[in-house]
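Indexing begins at 1, ligand by ligand and atom by atom, following the structure's order.
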Amino acid sequence: MGSAQNYELPCKLNNPDLLHNLSFVHGEWRKSKSGKTFEVVDPGTGKAWTECPTNDASDVDEAVQSSQNCFEEYRKISPRARAQMLFKWDSLIRENKEDIATILVYETGKPRAEAYGEIDYSTGFTWWFAGEAERIQGSVFTPALPDRRVFTIKQPLGVAAALVPWNFPIAMILRKAGAALAAGCTMIVKPSPETPITILTLAYLADKAGFPKGALNVLTTDLDKTPELSEALCRHELVKKVSFTGSTRVGKLVARICSDNLKKVTLELGGNCPVLIFDDANIDQAMSQIFALKYRHAGQACITANRIYVQSGIFDNFLERWNAETQKIVVGHGSEKETTMGPVTTPRGIEKALALVSDAKSKGAKIHTGGHKVSGKGGYFFEPTVITGVTPDMDIASEEIFAPLCSFLKFETEEEVVKAANDTSMGLASYCFTKNVDRLWRLFENLEAGMIGLNTGNSSAAESPFGGIKQSGYGKESGKDVAVAEYLISKTGTFTLEGQS
Ligand SMILES: O=CCCC(=O)O
């Protein structure tokens with residue numbers, strides 16, 4: 001581990017070499033120019049266990065130059081060699097799964113089983129994009145003029161920057177870096193201040209996998225310097241592409257800054273995802289799918305269930321079952337075996353949950369279970385909370401919750417619920433449960449979201465295009481062709497052929 005002297009990861013790793021807390025630039029572990037650092041906190045105790053460099057705008061140019069120098073060579077490496085490095089990276093991540101899960105638990109707070117789940121999900125991306133590297137294709141057209149030939153080629157667009165969130169730090173970085181490195185681009189990652197260490201571990205393993213120096217650089221920073229560092233990356237003339245996952249508010253800022261130089265941008269932004277459960281649904285299926293979706297990482301996923309609409313015929317039964325299951329949740333530190341739900345990752349998460357509960361109560365909502373910060377524990381624990389009587393004027397119905405708060409709304413008809421579900425500026429994911437095939441198809445067509453779960457609460461996968469519409473952003477990550485295309489330029493060649501009559 002780098003320079004931290006007064007901190008320690010509260011448990012041992014099988015492979016201590018995985019742990020790094022300095023920035024990674026051009027194959028070297030580096031301090032920031034200012035020498036300043038910030039603390040990384042275990043959300044399960046509220047205590048710092050390491051520190052990382054606070055990079056600022058003055059650290060950006062060197063990292064970008066490294067990425068650019070690397071790009072000039074990396075772009076010439078054959079797609080098969082890029083695929084082999086991605087496969088090697090993938091194997092190393094899988095081999096070190098147990099240790100990476102440990103770091104993930106102490107950074108995000110999520111229970112160990114969920115940390116394993118995130119790593120399995122994430123290696124789907126390294127595996128998938130290794131395959132995609134060799135499937136980048138141009139095209140040949142049949143031209144209108146007999147002596148003309150027209151074709152396109154695809155080329156990597158250059159240095160890409162990834163601004164990633166703390167809720168799924170491994171998945172978010174492998175989804176972005178996997179696509180970029182497959183395309184032949186190099187990438188600079190700015191991790192979230194809460195979760196830099198898992199990303200530094202991935203950078204260490206990328207180096208071991210044989211990626212050249214500068215292919216994957218990581219610049220850490222704290223909350224205060226995040227805007228400055230991110231803006232410097234977005235404005236640097238050698239950065240040709242920015243991929244951001246985070247809030248709609250910040251996504252708009254990123255888009256605005258990047259528009260000054262017409263940079264390509266992918267935005268995976270906030271969600272306010274509705275779930276529609278009809279009287280004819282398989283209730284067991286809907287319960288288990290939405291329960292897992294809602295409480296995944298204590299409700300801190302952009303695609304989580306924000307508003308749960310249940311049809312009146314099954315509302316009471318469904319609510320009773322949901323309440324009973326919720327009361328069985330064991331809230332605790334992610335490293336403890338019996339824990340089924342960890343803390344929220346930041347103290348801001350607790351404040352937001354309290355404010356949402358208080359606003360809902362003041363406007364007439366009823367709290368059936370929970371509603372408070374867990375008392376008597378260090379760390380950022382919030383009770384799993386069940387709320388009914390939610391109305392559209394409540395913040396909980398219009399804002400992304402990002403906490404274990406389940407808000408239930410009753411509906412009567414398909415027409416009414418589709419209108420209500422779509423009545424949001426967001427359009428990331430929607431979910432519906434019904435055994436009526438015609439209705440399922442109508443819902444697929446009529447719900448306004450980039451991803452629709454049809455009798456499922458789990459639609460994230462390497463092979464499935466991930467991305468929203470409306471104010472949930474644009475561009476796709478993962479999926480065939482579309483994700484790598486975000487890191488490619490297309491050139492059209494037009495050729496006049498002589499001697500062909
Ligand atoms: O929170 C956003 C990402 C969640 C996912 O990839 O399933």
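When the shell of 6.0 Å around NZ of K419 is examined, it contains 12 or fewer heavy atoms from other residues, nucleotides or ligands. Atom NZ of K88 sits in a sparse spot, with 12 or fewer heavy atoms from other residues, nucleotides or ligands closer than 6.0 Å.
Contact annotation: for N167 versus ligand 1, heavy atoms closer than 4.0 Å belong to the side chain alone.
Residue contacts with ligand 1 include M172, since one or more of its heavy atoms lies under 4.0 Å from the ligand. Residue contacts with ligand 1 include R296, since one or more of its heavy atoms lies under 4.0 Å from the ligand. Ligand 1 has at least one atom lying under 4.0 Å from a heavy atom of R175. Residue A301 places a heavy atom under 4.0 Å from ligand 1.
Where the criterion is an N or O separation shorter than 3.5 Å, residue side chain and backbone included, C302 meets it with respect to ligand 1.
Inspection of the N436 and T434 side chains reveals no N or O donor paired with an N or O acceptor under 3.5 Å.
The shortest side-chain heavy-atom distance between P111 and T340 does not fall under the 4.5 Å cut-off.
Compare Y121, F168, F125 by their heavy atoms: the one nearest to atom 6 (O) of ligand 1 is in Y121.
Residue pairs meeting the salt bridge (charged side-chain N to carboxylate O under 4.0 Å, His left out) criterion with at least one member in residues 91-104, sequence neighbours excluded, are D90-R94, K97-D120.
Residues E486 and K476 are not paired through a salt bridge, judged by the lack of any N-O separation under 4.0 Å between the basic side chain and the carboxylate.
Shortest contact from atom 7 (O) of ligand 1 to any protein heavy atom: S460 OG, 2.6 Å.
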